[in-house]
Structure formats: C-alpha cells, structure tokens
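The structure under discussion appears below in the form of structure tokens.
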Amino acid sequence: MEQKPPIYLYTDGAASGNPGPGGFGTILVCKNLEKTLCGGFRLTTNNRMELLAVIVGLEAIRWENATVEVWSDSSYVVNAVSKGWVFGWEKKDFEKKKNRDLWERFLRVYRIHHVTFHWIKGHAGHPYNERCDRMAVESGGGAAAKGAVLPPDTGYENGNGD
C-alpha cells in the first residue's frame, strides 16, 4: 500500500468584536503543493473562527487516515485537543460549553485522520501564520461588507456563542 505524504495545516481565525465580523484562513501544504481556504461571517467570534479554520482544513483532505500536523496560534483550539479537554466535554455532552456545533463537527473529521497539534506564536513572523492571519482578517472584512451571516443554529442570536 502506498504511503501518503504528511500534510501540514496552518490556520488562523480573526474577529473584530466578539461577536462581530470575522473570518478564517487555512493553508494546507503537502509535498510542494499548497491549497488555501478562507471564509468570513458578519457575526462571529475569534474562537469560532480559529476552530472553523482547523475544521475546514481537515475536511479538505481527500483521503482518510492522513497524517496531519496542525499549526495554530489558538491556545483555545490547541489546548482543547492536546490536553484532552474536548474529549471530556464530549463525555459530558458538551454541557455548558460554547461552540458545541463546531466541536462536534471537528471530532467527526479529526477521527478519520492522525492529527497532532502545535501551538505557534501569532504575529511573530512565521510566514504561513502571517498569510493565514491576512486571509482571516480580509475574509472577515469582506463578510461584513457583503452581509454574510451565520446559520441560525449557532447561538449568536441569544449571545451564547464564543
């Protein structure tokens, strides 16, 4: 069986206001190939965009059981996975936890790959992190201008999405 190359997934999320307009930027690198993904929302939070950046990147992988190294400047996301918090939240049915919809979506795609997380300091000159940051900020600004909205089941209408 052919050994697939590892995938390096660089991510960032941004929001102006909490909630406010925001976006995410994702770069997948495999061998010498890059794929960029980004998107924005009129009303979101930084944590949601940080997590969505990882999800969208993992969902873009075209085969199962990929070896993926995620590089993120989000302590929220990296610690939740690396320290196992999300698995405890799942066992407790995400009771009193924000972003349940995204964490459940994350776990579905996370479990079909071999994923490790690395925290990287944001705004410290790392080329991929800087590019992801620019994509996230630009996507968020564009979403605000275009009026992109979140699906109604995310909890923003009553202020409980962080």
Side-chain angles (χ1 to χ4, degrees), residues 7-29 35-61 66 68-123 126 128-144 148-162:
I7 297 171
Y8 302 94
L9 175 57
Y10 300 91
T11 67
D12 202 7
S16 180
N18 218 17
F24 66 89
T26 302
I27 303 172
L28 293 106
V29 179
K35 180 174 187 148
T36 59
L37 303 159
C38 59
F41 297 92
R42 182 182 55 78
L43 188 61
T44 190
T45 65
N46 186 68
N47 281 346
R48 284 186 70 81
M49 293 299 94
E50 294 282 6
L51 180 53
L52 188 59
V54 174
I55 293 167
V56 168
L58 291 174
E59 288 175 344
I61 298 170
V68 185
E69 290 191 33
V70 177
W71 296 83
S72 171
D73 64 7
S74 171
S75 295
Y76 171 66
V77 174
V78 173
N79 288 339
V81 181
S82 297
K83 295 184 178 186
W85 301 341
V86 68
F87 308 110
W89 300 341
E90 181 184 36
K91 286 179 184 173
K92 294 179 182 177
D93 200 30
F94 295 94
E95 186 178 323
K96 298 180 183 177
K97 290 298 170 193
K98 296 178 180 178
N99 302 317
R100 175 188 181 136
D101 60 324
L102 292 181
W103 282 115
E104 288 175 338
R105 184 174 162 189
F106 165 79
L107 287 170
R108 282 191 298 275
V109 70
Y110 169 82
R111 289 184 168 127
I112 63 173
H113 300 297
H114 305 283
V115 185
T116 56
F117 277 79
H118 307 277
W119 181 81
I120 186 169
K121 184 177 171 82
H123 308 286
H126 187 283
Y128 283 116
N129 181 258
E130 296 293 337
R131 281 177 57 196
C132 287
D133 179 67
R134 284 191 301 274
M135 292 186 326
V137 170
E138 290 171 11
S139 294
V149 295
L150 289 169
D153 63 343
T154 57
Y156 289 98
E157 292 74 26
N158 57 19
N160 65 358
D162 184 72

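This is a predicted model, so every value here is computed, not measured.
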Steps toward side-chain contact (heavy atoms from CB on, under 4.5 Å) verdict (Leu107, Glu90): CA-CA 9 Å; Leu107 287 170; Glu90 181 184 36; 3.6 Å; yes

Quick one: side chains of residues 77-87, donor-acceptor pairs under 3.5 Å with protein atoms, not counting sequence neighbours, listed by atom name and distance.
from	atom 1	to	atom 2	distance (Å)
Asn79	ND2	Ser75	O	3.4
Ser82	OG	Val78	O	3.1

Under 3.5 Å, which donor-acceptor pairs link side chains of residues 51-60 to any protein atom two or more places apart or in another chain?
from	atom 1	to	atom 2	distance (Å)
Glu59	OE1	Arg105	NH2	2.8
Glu59	OE2	Arg105	NE	2.8

Inter-residue atom distance Tyr8.OH - His118.NE2, 0.5 Å rounding: 8.5 Å

Shortest non-hydrogen contact from Gly39 toward Ser139: O-CB, 3.2 Å

Distance (rounded to the nearest 0.5 Å) between Glu50 CD and Asp73 CG: 5.0 Å

Heavy-atom closest contact (Ala136 atom, Gly25 atom, distance): CB-N, 3.7 Å

Results of side-chain contact (heavy atoms from CB on, under 4.5 Å) for Glu104 - residues two or more places apart only: Phe94, Arg100, Arg108

Reported CG-to-CZ distance for the pair Asn46 and Phe24, which is rounded to 0.5 angstrom: 13.5 Å

Euclidean distance, Leu28 CG relative to Leu9 CG, rounded to 0.5 Å: 5.0 Å

For Trp89, ring-ring contact (aromatic ring centres under 6.0 Å, His included) partners two or more places apart: Trp103

Straight-line distance of His126 NE2 to Cys132 SG, nearest 0.5 Å: 9.5 Å

Arg134: partners by side-chain contact (heavy atoms from CB on, under 4.5 Å), with sequence neighbours left out: Glu130, Arg131, Glu138

Met135 vs Ile27, side-chain contact (heavy atoms from CB on, under 4.5 Å): CA-CA, chis, key distance, verdict: CA-CA 10 Å; Met135 292 186 326; Ile27 303 172; 3.9 Å; yes

Over all atoms of both residues, closest heavy-atom pair of Ser72 and Thr11: CB-OG1, 3.5 Å

ring-ring contact (aromatic ring centres under 6.0 Å, His included) partners of His114, counting only residues at least two apart: none

Between CD1 on residue Ile61 and NZ on residue Lys35, distance to nearest 0.5 Å: 10.5 Å

